[in-house]
Number of protein chains: 2
Amino acid sequence: MLKNKKATIKDIAKKLGVHHSTVSRALRDHPDIHPNTIKLIKRTAEQMNYQPNMFARNLKNNQTNLIGVIVPEIKHHFFANAIGGVEEAAHEHGYVIIVCQSNEDYEREVINTKALISNRIEGLLVSVSQTTRDGAHFQQFIDEGGKLVFFDRALESVNASKVIVDDYRGGFKATEYLIKKGKKRIAHLAGTKELEISKLRYQGYRDALKKYNIPFRKNLVFWGGFQEEDGIEGMEYLLKLKTHPDSIFAVNDPAAIGAYEVLERRGLRIPEDIAVVGFSNNPISAFIKPALTTIEQPSYEMGKAAMELLNEMLVSKRNKKTKKILKTKLIIRDSV
Amino acid sequence: MLKNKKATIKDIAKKLGVHHSTVSRALRDHPDIHPNTIKLIKRTAEQMNYQPNMFARNLKNNQTNLIGVIVPEIKHHFFANAIGGVEEAAHEHGYVIIVCQSNEDYEREVINTKALISNRIEGLLVSVSQTTRDGAHFQQFIDEGGKLVFFDRALESVNASKVIVDDYRGGFKATEYLIKKGKKRIAHLAGTKELEISKLRYQGYRDALKKYNIPFRKNLVFWGGFQEEDGIEGMEYLLKLKTHPDSIFAVNDPAAIGAYEVLERRGLRIPEDIAVVGFSNNPISAFIKPALTTIEQPSYEMGKAAMELLNEMLVSKRNKKTKKILKTKLIIRDSV
DNA sequence: CACGTGTTCGCAAACGTGTGTGTAAAAATA
DNA sequence: TATTTTTACACACACGTTTGCGAACACGTG
């Protein structure tokens, strides 16, 4: 079986006895080309199964149809959904997306970024890794004129556009709900201190306590991370305290599920002994028993919004840093 | 803020007063270039923040580092996981992946395929849409020398490599398990007739019945699809029969969950009134009540295996069509 | 008929890299 | 010293596309 070379614009030109520039223009409906010629060229292009070579086109135009996306892990429901939203919006605007995962690893994130830059992506959409402390790789991309927008997990040290949910109000609402249900010793399984998302949810938690005159206790806050293991570790820590908390506000649902595991193992009942509120409304949270009360975080919409924002930055060529905040919603179920 | 143009090989050459071809060779450690020159060039390239332009390189070499991936929907757990596996393996081999979703829509799948071909992807990984009947768009890619491997959902009409699970034995095992638990009227919520995956699971179901001398009843099979809605529709159909089935083998977990909904609504108990077995071991299936007995399908491994197979085809340049079959495992829980 | 004007197309250069060939100078050999 | 070989680089072209410029031609106008 021979490896047929793909038809080029020149092949079409040769076959028709015209210059290849004429073919180029014809395919793009240039007014200088006679309608009949256009029709003829388009027909033979079709029949020769011509597909434009984006490399040559992009090389010439110095612009691509590529958008880079970096997430910690594709398999996580939230990111999978967000990528789905990104792809949807990208498709509408004629882009295709290159997806990389950092596996929550800083080094890998840097490598991904460089690879994407080499592939001359038009813009970059990032939800940063849990282990990332330094944002030089992103800053460099921006400094060279690249358009970047963070979604969900943004890096504070980098001045870039971002799409996030109202983490502050989400944290506030979750905590307030626990308070209104009569909880007094509310613990917080927090994320990592470097991520804005963690800090804002934490701040919402603190401000809710303050508003209702509940003393803030530093030892009721466990800074861990976003994985189930972090929730397990944090819950075990909290149960070692001489006075148990009466409720938990977890930074996200996986962490909350980690807490569930520990509580179940220790024979503690949810919500009678300890109430739990999560964050992100993972589909599992509706199915676990008791169903988890949580803060809904529109993942698909967030991906879509991030891509839309990126597109605006791309077409306007302006360099304003925008911050788009999506609303959250308290989903009341049975864990409180 | 000025949009700095990225440094090219020529910029480096000009700055150093050498020819750009020398720079090109130096960066690739060509033996014709003096070690000192190489060192000098590499240093200034580093300092000028040079990133090779993949477009120019690919255009010249007529090969890319791009792998196309088309799935029905990124957000589905199975596909998200598979994409994660693909990305992992692709990363190891120096590829980046372009991900598109067909939204179970044939037209969209064709558009995606064309777009990927235009972007001169090196190879294509596909799980085909539910509505796809014709595979001409894939066949054309293959005929032009492109390497394609289907994973999970393969199209029979296209002669291509594929990575699938042992759907036949999976279907067989699921049905056999129901039989051994004393079930006699076993219904099957099947997928679509065009997909091999559906047919094999169906065949496994039939052969298990035959082996244990249980009569096959055509009206106990509902050909629907892979979504929750299909499960709902199918279950409603089955409950309209004058004699209810005593158990259900669903083509996948979402369909099984659809069946759960209908049964719950009708006040029927699982597994006492009707037992249910799913397929794919969606994470939710462990959390729903009763926990769903299902066939485990290694999604991440499947994505990884598909990418590995594609890579072998790419490096060997051979054109053999390989079929890789992954093992399934029966996960026994509480729905039977 | 000379001229301007508009239509339709060809020519050539360019984008950033890679590579085959040519060619000085340096080194090795006779 | 004269010759050959090797070293280290320059030159030019190619990949497939886009685009400015200009040529050939047809037409209408004075």
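As the structure is a computational prediction, the values presented were derived from the model and not from experiment. First the proteins, then the strands, lettered A, B, ... as listed; each starts at 1. Note that these values count all heavy atoms, side chains included, but never hydrogens, waters or copies made by symmetry.
- Residue A/Arg28 is classed as a sugar-phosphate contact, given heavy-atom separations below 4.0 Å to backbone atoms only.
- In this entry the distance linking CZ of A/Phe55 with P of C/dT17 reads 14 Å, nearest Å.
- Applying the 3.5 Å distance criterion, the base of D/dG16 shares no donor-acceptor pair with the side chain of B/Arg120.
- In this entry the distance linking CZ of B/Arg25 with P of C/dT19 reads 9 Å, nearest Å.
- Comparing D/dC11, D/dT17, C/dA12 against the side chain of B/Ser21 picks out D/dC11 as the nearest.
- Nearest-nucleotide assignment on DNA chain D puts the 5′-proximal partner with B/Gly17, out of B/Asn62 and B/Gly17.
- A/Asn53 has its CG atom 14 Å from the C1' atom of C/dG16, to the nearest Å.
- Put simply, B/Arg57 has no side-chain N or O that comes within less than 4.0 Å of OP1 or OP2 on C/dG16.
- Contact check on A/Lys304 versus A/Glu88 returns no salt bridge, with no Lys/Arg side-chain nitrogen under 4.0 Å from an Asp/Glu carboxylate oxygen.
- B/Asp32 comes within 4.0 angstrom of a base, heavy atoms only.
- Rounded to an integer number of Å, the gap from B/Leu27 CG to C/dG16 P is 15 Å.
- A salt bridge links B/Glu196 and B/Lys162; the closest N-O separation between the charged side-chain nitrogens and carboxylate oxygens is under 4.0 Å.
- Comparing B/Lys10 and A/Lys60 by the nucleotide of DNA chain C whose heavy atom lies nearest to each, the residue mapping closer to the 5' end is A/Lys60.
- In terms of phosphate contacts, B/His34 brings a side-chain nitrogen or oxygen within less than 4.0 Å of OP1 or OP2 of D/dA8.
- Between the side chain of A/Thr64 and the backbone N or O of A/Arg120, at least one donor-acceptor pair lies under 3.5 Å.
- Residue contacts shown for B/Asn58 are absent, as no nucleic acid heavy atom lies under 4.0 Å away.
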Steps toward side-chain hydrogen bond (donor to acceptor under 3.5 Å, both in side chains) verdict (A/Glu104, A/Thr131): CA-CA 6 Å; A/Glu104 302 281 15; A/Thr131 57; 6.0 Å; no
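- Under 4.0 angstrom from either OP1 or OP2 of C/dG10 there lies at least one side-chain N or O belonging to A/Thr22.
- Contacts of A/Leu59 with the nucleic acid, taken as non-hydrogen atoms under 4.0 Å apart, include base atoms.
- One can place CD1 of A/Ile41 at 14 Å from C1' of D/dT17, the figure rounded to the nearest angstrom.
- Rounded to whole Å, the distance from NE2 on B/His19 to P on D/dC13 is 11 Å.
- Side-chain atoms of B/His20 come within donor-acceptor range of the base of C/dG18, with a qualifying N/O pair under 3.5 Å.
- Taking atom CG of residue B/Leu16 and atom C1' of nucleotide D/dA10, one finds them 15 Å apart after rounding to whole Å.
- Annotation: of the two residues near DNA chain C, B/Ser24 and A/Val18, the 5′-most nearest-nucleotide partner is A/Val18.
- The residues A/Glu109 and A/Arg153 are annotated as not salt-bridged, no charged nitrogen and carboxylate oxygen being separated by less than 4.0 angstrom.
- For A/Thr37 and C/dC9, the shortest distance from a side-chain N or O to OP1 or OP2 is below 4.0 Å.
- Residue side chain A/Thr8 does not reach the base of D/dC15 through any donor-acceptor N/O pair under 3.5 Å, judged by distance alone.
- For A/Ser102 (side chain) and A/Arg108 (main-chain N/O), no donor-acceptor pair under 3.5 Å exists by modelled atom type.
- One interatomic measurement links the two molecules: CG of A/Asn119 to C1' of C/dT17, which rounds to 15 Å at whole-angstrom precision.
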